[in-house]
Amino acid sequence: MGGAAADCGYASGVKRYHLTTFGCQMNEHDSERMKGMLHALGYEEARARADADLILFNTCSIRETADSRFVAHLGEAKRLKRERPERVVGVGGCWAQSVKEEVFERFPFVDVAFGPGQVHRLAEFLTSDSLSAQGYFEFEGFTGHLPARRERPFQGWLQISVGCNCACSYCIVPSTRGREASRPPQELVEEVHAMAADGVREVTLLGQNVNSYGRDLPAGAPAPGAPAGSRRQKPTFAGLLALLDGVEGIERIRYTSPHPKDMREDVIRAHAELASVCEHIHLPLQSGSSRILKAMRRTYDRERYLDRVALIREHVPDASLSTDIIVGFPGETEEDFEQTLAVVDAVRYDSAFTFIFSPRRGTEAAGIAEGVVAHPVKVARMERLVERVQQHARERAQRFVGRTVEVLVEGTSRTDPDKIRGRTRHNKVVNFDGVAVPGELTHVRVTGASSQTLIGEEMLVGRAVA
Ligand code: 5AD
Ligand code: SF4
């Protein structure tokens, strides 16, 4: 039926793709680059998978749930491929990397598979005459320089490094993303200038361990203002924040994720001293028990973590703190778990992502047979943890009530289409009454707060209302 495409509002003769993204912000960023690359190749985005000539998945493997969610989606791709065999099915990202060529044995309808960040390999496949299935799993460092199609034109990602040199015993990422490689600071500054020229106002720096940035780079010129004859120094993460803070048009800088072991005072001070660096720090704890932290190979203990938090509170007293916590790591006893609760009580996080330990193929922790925590115990601990986290988040959020906060507008409220939704520098979502449009920075008087969101009214004084 020739009219079907036109009826759906699609241009005829144009190839269409459908992309589903799982996992972290790094994957979201890769997907934006994938979309930019596909549009450059003349593809358009299909609204539904069934309308697509190219069905893509950008996958995650961090926990078992991530794997199984994706495999369920693959079933639909299989059916669609059977209906129209000329369709191309592509699987990128961490899950693809973790199973490599096995993907073609397990899912013979997949045409192309590629590891994280290897967006250019997808382009290579699509522009080649290859009729056979192809897999691309080399670690190649950063392979960027693709125009991103941003979900919101005023928010951009900046990938400052690829890979991870840590050896956290539970984590699959070092095996899916390879060794850490930082991108040169000058290249990053140029990219952020270009983003600002494109209308980006908020940039989020991405890396598996952002604050070890630069250790793998050669020493460059001495820091500006250093006495003559000073030694050449390696770029640092704090130095990078200062360089990016100088880019005209960028109002907010965020980053994720830092590692507590590398959280130096210069980075913490950057939050107090650099105007665009937001007052929010995500500092993954994982466990509050030094014994479990050791088994996790996190290379810090509970005291060192709390010492970092004290330093943050000293320099940026009002900062929001968020974290990641795993419950039920092998060997975690009730006492260990209570130590995690005690750290949660001591820090009083503004929010936390909580996870049940999930053994990942090839990781050290997956091989620990002793002290495996029974599933119901994991679930019960998780519930207690979530309750505690929410209690602190709710209490902490009250400090904003009565204050006027700067908000970057993102769209309309998810629950009430009459309200505007935005985000504060502290990374709190605010739903408010007002007139501001997406991309605008405005001021909102906060009138109420729950653990997750703030509510308020836009300050319209002095504002020209159309
Ligand atoms: N099981 C449960 N949670 C995990 N994370 C990473 N690997 C695992 C695993 N095997 C969590 C960590 C990390 C976040 C991104 O995911 O808390 O910080
Ligand atoms: Fe998932 Fe980790 Fe890969 Fe991100 S880096 S996609 S969280 S496995």
Side-chain angles (χ1 to χ4, degrees), residues 25 28-29 32 148-158 188-189 191-206 240-256 270-282 316-322 350-351 396-397 399-449 452-466:
Q25 287 153 322
E28 284 178 37
H29 176 48
E32 289 190 345
R149 251 181 106 81
R150 296 190 184 95
E151 188 161 327
R152 298 198 190 99
F154 48 89
Q155 287 173 327
W157 310 111
L158 178 74
L188 296 172
V189 171
E191 192 164 318
V192 172
H193 271 293
M195 285 161 91
D198 259 7
V200 170
R201 306 187 82 178
E202 177 177 287
V203 55
T204 302
L205 316 192
L206 295 177
L240 178 66
L241 288 174
L243 285 173
L244 300 180
D245 180 62
V247 176
E248 188 83 31
I250 299 297
E251 314 271 359
R252 291 180 169 190
I253 298 177
R254 303 185 186 279
Y255 58 82
T256 194
H271 287 265
E273 291 164 6
L274 303 176
S276 57
V277 178
C278 290
E279 294 78 17
H280 167 228
I281 298 179
H282 181 74
V316 207
D318 189 42
S320 285
L321 273 173
S322 58
D350 293 84
S351 71
R396 288 279 294 161
R399 76 190 189 280
F400 295 114
V401 177
R403 281 206 221 165
T404 297
V405 292
E406 184 202 85
V407 172
L408 179 61
V409 180
E410 293 184 348
T412 47
S413 156
R414 298 216 162 99
T415 49
D416 178 355
D418 291 335
K419 290 210 188 307
I420 302 171
R421 191 191 72 244
R423 202 173 283 271
T424 68
R425 288 175 61 96
H426 290 80
N427 207 34
K428 277 278 176 203
V429 171
V430 196
N431 293 318
F432 62 98
D433 295 306
V435 295
V437 294
E440 201 176 321
L441 275 175
T442 188
H443 284 89
V444 172
R445 200 179 140 72
V446 179
T447 55
Q452 302 282 339
T453 48
L454 305 178
I455 52 169
E457 290 155 9
E458 189 175 4
M459 303 296 285
L460 297 172
V461 186
R463 198 196 138 101
V465 182

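Residues meeting the side chain to side chain contact (heavy atoms under 4.5 Å, CB included) test with Ser276, sequence neighbours left out: Asp245, Ile253. Every residue two or more places apart in sequence or in another chain was checked for a ring pair (Phe, Tyr, Trp, His ring centres under 6.0 Å) with Phe154, and none qualifies. With sequence neighbours excluded, no residue forms a side chain to side chain contact (heavy atoms under 4.5 Å, CB included) with Thr412. For Tyr255, the ring pair (Phe, Tyr, Trp, His ring centres under 6.0 Å) partners are Phe237, His271, not counting sequence neighbours. For Asp416, the side chain to side chain contact (heavy atoms under 4.5 Å, CB included) partners are Ser413, Asp418, Lys419, not counting sequence neighbours.
The line from CD1 of Ile420 to CG of Asp433 is 8.0 Å long, rounded to the nearest 0.5 Å. To the nearest 0.5 Å, atoms CH2 (Trp157) and CD (Glu32) are separated by 7.0 Å. Atom-to-atom distance recorded for Ser351:OG and Lys428:NZ is 6.5 Å, nearest 0.5 angstrom. Once rounded to the nearest 0.5 Å, the distance linking CD1 of Ile250 with NE2 of His193 reads 9.0 Å. Distance check: Glu251 CD to Cys278 SG gives 10.5 Å after rounding to the nearest 0.5 Å. Rounding to the nearest 0.5 angstrom, the gap separating the OG1 atom in Thr404 from the NE2 atom in His443 is 8.0 Å.
Using a distance-only test at 3.5 Å, with no hydrogens or angles considered, a donor-acceptor pair links the side chain of Glu458 to the main chain of Ala436.
Between Leu408 and Gln155 the shortest side-chain heavy-atom distance falls below 4.5 Å. Looking at heavy atoms from C-beta onward, Leu206 lies in side-chain contact with Thr256 at the 4.5 angstrom threshold. Taking the side chain as every heavy atom from C-beta outward, Leu241 and Leu205 approach each other to under 4.5 Å. Under the 4.5 Å side-chain criterion, counting only non-hydrogen atoms from C-beta, Val429 is not in contact with Leu454. Using a 4.5 Å heavy-atom threshold, the side chains of Arg254 and Gln25 count as separate. Within the 4.5 Å cutoff, the side chain of Val409 has heavy atoms near those of the Phe432 side chain. Inter-residue side-chain proximity for Asp198 and Arg150 is flagged as met; some heavy-atom pair is nearer than 4.5 Å. Counting heavy atoms from C-beta outward, Leu244 and Val203 have side chains that stay 4.5 Å or more apart.
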Open item on the list: Please evaluate residues Arg201 and Leu441 with respect to the criterion side-chain contact (heavy atoms from CB on, under 4.5 Å), reporting the C-alpha separation (whole Å), side-chain torsions for both, the decisive distance (0.1 Å), and the verdict.
Closed with: CA-CA 9 Å; Arg201 306 187 82 178; Leu441 275 175; 3.9 Å; yes

- [ ] List the steps, then state whether side-chain contact (heavy atoms from CB on, under 4.5 Å) holds for His426 with Arg399.
- [x] CA-CA 12 Å; His426 290 80; Arg399 76 190 189 280; 3.9 Å; yes

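In summary, Arg445 and Glu457 do not engage in a salt bridge, as defined by a charged side-chain N under 4.0 Å from a carboxylate O.
When every heavy atom of Val247 is checked against every heavy atom of Ala196, the shortest pair comes out as CG1-CB, 4.2 Å. When all heavy atoms of Arg425 and Ala275 are compared, the closest pair comes out as NH2-O, 2.8 Å. Of all non-hydrogen atoms in Val401 and Ala449, the two that sit nearest each other are CG2-CB, 3.8 Å.
A salt bridge (charged side-chain N to carboxylate O under 4.0 Å, His left out) check over residues 401-410, counting only residues at least two apart or in different chains, returns the pairs Arg152-Glu410, Arg252-Glu406, Asp318-Arg403, Glu410-Arg421, Glu410-Arg423.
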